[in-house]
Amino acid sequence: MVAAGRRARDGRAELGGGESGSGGIDPRGAVRYPERPMGIIRKLDAALVNQIAAGEVIDRPASVVKELVENALDAGAHRVSVEIEAGGRNLIRVSDDGGGIAPDDLPLALAPHATSKIRSADDLFAVRTLGFRGEALASIAAISHLTLVSRVRGTPEGASLEVRGGACGAVQAAGAAEGTVAEVRNLFFNVPVRRGFLRSVSVEYAHIAETMTRFALAHPAVRFELRHDGKLEFALPPAEDPRPRIARFYGEDLAKALLVARAADPPFSFTAWIAPPAFTRPNLQGQYVFLGGRFIRDKSISHALREAYRELVMEGRHPVAFLYLDLPPSEVDVNVHPTKIEVRFRNGWRLHDRVVEVLRAELMRADLIPKIPVADRPPPPAFDPARVQGAIFDFFSRSGGVGAAATAPAPPSPSLPAAGSDPGPGGLPAPGSGPENPATPAVQAAVPPPRRWQVHGRYLVEELPDGIAVIDQHALHERVRLEAIRRQWERDAIVRQRLLVPAVVELTPRELARLEESRPALESFGIEWEDFGEHTVVVRTVPDFLRDEDPVRLLRDYLAQVAETTDRPEATGGSERAAAGLVDAILHFLACRSAVKAGESLAPAEIDALLAERDRLELAATCAHGRPVALKLTLSDLERYFKRT
Ligand SMILES: Nc1ncnc2c1ncn2[C@@H]1O[C@H](COP(=O)(O)OP(=O)(O)O)[C@@H](O)[C@H]1O
Ligand SMILES: [Mg+2]
């Protein structure tokens, strides 16, 4: 470094001339070193050290809110109230009813590396509080005007202390309620650069609101209030679980539809509040992970959430989920990031797999077929087979027969969580239920075998005991094929078809390389080829179920749709996971290729077979790509639509 710096300077000295030899930065950005490189290292004064440290944890008003609210929660507060002005630029005041700070401790609370939360290195690995570094108040004090007013619970009088940019005043007796009020004014008054980086009031407020949302979701038992420029933004009463708060932030419909998945076996216990796949978002902002009351971000957990909903949500959409991890301190290290938003898990992948398993099981259990959204759904009328028959008859005769039924005004897309949508219980018959279910003998007696029709060469319409379902034939068949191919593949039972005329495919070097990477996986699915010259391969076998496909197109489409879109093994560390990802991608590709297409007409027996397959499936609510398979209209939906009720 020094040598390079010298060289740079020497080189420039010739150009610029008159080199003085004093330190600094030359106009081209190279560091210039003094002639006498002795005596240039000095200790920074405490105020500057604190300012630098503050840079790490306090980058905007929302970070101040985070640190102060954490302190309130660590002090055992039942009520935390936050007031801000001008997006936090002018004022941030956090009041709590926690344990308080004794007058003699006030100066210490503001000193760097002073904390009441840990004492020894051992404690560091068993942290149960949100804070422990003893840095926040010192940092905030270094870059703002900070006032602490506090009264220890059960003592007659409180005390206050003021600090301005690190300069500490004297502790003074003060009348105060039990608990602590921390007031921060003029944030960054002595750090003009940071002040310059502050965004508009609304952006800074949005960050604060998000910070408060995380606390509110993480600590449902604590009352939270937020005021901005005198306006009460929210006041959340204490609750037993997060559901009311989720309702407040994400809407009643979503909160009502939430599924709860729990794991109770140590060391990985957790509770997840997860929304059915009908409630997705275009970004990850509906996903919250908490660890011991702390909001965290973790790639492997995000991945686990994605995995749990695999094939249930469409590409580019993200499920809404709130995961509360409760791990023993020995399983995580929280001391890896100054703001502690990232942590390190001892058994990250085991936790990942457990999360996938438990959430997936809950999603499988739930009935996920979306129903048409209808405003103000009244309680469903008691089931009356005769009325059902009448209504279905009416439905089809009014709209002029089956064909016309499908051209009736299209209902809103069931994949969009429209207001009032209710993806709750009730849907296509699950295995062992439905009209044949012996638990409903009355229905069985009155309802003839279900009737179904193909319409427009692409949809199946099915009569159900309590309504009708419209099914996307390709989506359903693709799902059926996926499970069938998966089962065959797992038993290594995929039948290969040797091509009578081997197919010659010319490929670019890049395509060849990607094909070669997939060779073991593709061979396990019955697609085999030989290299033939520099850029040509000859396909010898294909899976029997694709024997009528053009093998050249098959390979080309594989390359375009799968090989180019899956992770390269080396990009993901050559792991088994990458291999599993590829197998999955191939499964989906083959399922899609071998499924009936829209526009293919199906004989009644084929329709019956397809629907019988569906009833055997675990997961028929979505196709392999996560698009919905069926839309259900209940009789009460129909009656309301036709204004019969
Ligand atoms: N709202 C509060 N109620 C009670 N004690 C507090 C409060 N805020 C800060 N303290 C005390 O001040 C100390 C220093 O706080 P801080 O600088 O945030 O460091 P840390 O939270 O990491 O300990 C805490 O350890 C705690 O003892
Ligand atoms: Mg703290």
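One is the number of the first residue; the rest follow in order along the sequence. In listed order, ligands and their atoms are each counted from 1.
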request  = Determine whether any heavy atom of Ala114 lies closer than 4.0 Å to an atom of ligand 1.
outcome  = yes
inquiry  = Under 4.0 Å, heavy-atom basis, I'd like to know which part of Glu67 is in contact with ligand 1: side chain, backbone, both or neither.
reply    = neither
key: ligand 1 contacted by Asp74 (non-hydrogen, < 4.0 Å)   = no
remark   = Per-atom filter on ligand 1: closer than 4.0 angstrom to a heavy atom of Gly131 are 21 (O), 22 (O)
request  = Note the single closest protein heavy atom to atom 8 (N) of ligand 1, along with its residue, its atom name and the distance in Å.
outcome  = Asn71 CB, 3.2 Å
query = Do you see a donor-acceptor pair shorter than 3.5 Å between the side chains of Lys66 and Asn71?
reply = no
request  = For side-chain hydrogen bond (donor to acceptor under 3.5 Å, both in side chains), just list the numbers for Asn186 and His145, CA-CA rounded to whole Å, side-chain angles, deciding distance to a tenth of an Å, and then say yes or no.
outcome  = CA-CA 6 Å; Asn186 304 327; His145 299 167; 3.0 Å; yes
NZ/NE/NH1/NH2 to OD/OE distance under 4.0 Å, Lys117 and Asp74 = yes
request  = Do me a favour and list the nearest non-hydrogen protein atom to atom 2 (C) of ligand 1 with residue, atom name and distance?
outcome  = Thr180 OG1, 3.7 Å
query = Just by distance, with hydrogens left out, do His78 and Arg223 show a side-chain donor and acceptor under 3.5 Å apart?
reply = no
message = Between Asp97 and Arg153, does any NZ, NE, NH1 or NH2 come within less than 4.0 Å of an OD or OE carboxylate oxygen?
response = no
query = Counting only heavy atoms not in Arg262, do more than 12 sit closer than 6.0 Å to its CZ atom?
reply = no
query = Are Arg185 and Glu183 within salt-bridge range, i.e. N to O under 4.0 Å?
reply = yes
ask   = So which protein heavy atom does atom 23 (O) of ligand 1 come closest to, and at what separation?
value = Thr115 OG1, 2.5 Å
note = A student checking ligand 1 against Arg133 at a 4.0 Å heavy-atom cut-off should list atoms 22 (O)
request  = Would you kindly specify which portion of Ala75 sits under 4.0 Å from ligand 1, judged on non-hydrogen atoms: side chain, backbone, both or neither?
outcome  = side chain
inquiry  = Taking a cutoff of less than 4.0 Å between a non-hydrogen atom of the residue and any ligand atom, is Gly100 in contact with ligand 1?
reply    = yes
task = Using a strict 4.0 Å threshold on nitrogen-to-oxygen distance, state whether Arg93 and Glu83 make a salt bridge.
result = yes
request  = Starting from atom 26 (C) of ligand 1, find the nearest protein heavy-atom neighbour and note its residue, name and distance.
outcome  = Ser116 OG, 3.4 Å
Nearest protein heavy atom with distance in Å, relative to atom 12 (O) of ligand 1 = Ala109 CB, 3.4 Å
key: The one among Leu68, Val181, Asp96 that brings a heavy atom closest to atom 1 (N) of ligand 1   = Asp96
inquiry  = Just verifying a value: how many Å separate Arg164 CZ and Leu146 CG, rounded to the nearest 0.5 Å?
reply    = 11.0 Å
message = Is Thr115 close enough to the Mg ion (ligand 2) that one of its N, O or S atoms comes in under 2.8 Å?
response = no
ask   = Where's the contact between Leu137 and ligand 1, heavy-atom distance under 4.0 Å: side chain, backbone, both or neither?
value = both
key: Shortest protein heavy-atom distance from atom 10 (N) of ligand 1, along with the residue and atom involved   = Ile101 CD1, 3.6 Å
query = Any idea which of Glu70, Lys117, Glu135 brings a heavy atom closest to atom 24 (C) of ligand 1?
reply = Lys117
request  = Write out the residue and atom name of the closest protein heavy atom to atom 19 (O) of ligand 1, then the distance separating them to 0.1 Å.
outcome  = Gly134 CA, 3.1 Å
query = Hey, which of Phe290, Phe295, Tyr250 is the one that makes ring pair (Phe, Tyr, Trp, His ring centres under 6.0 Å) with Phe322?
reply = Tyr250
query = Any salt bridge between Arg60 and Glu204, counting N to O under 4.0 Å?
reply = yes
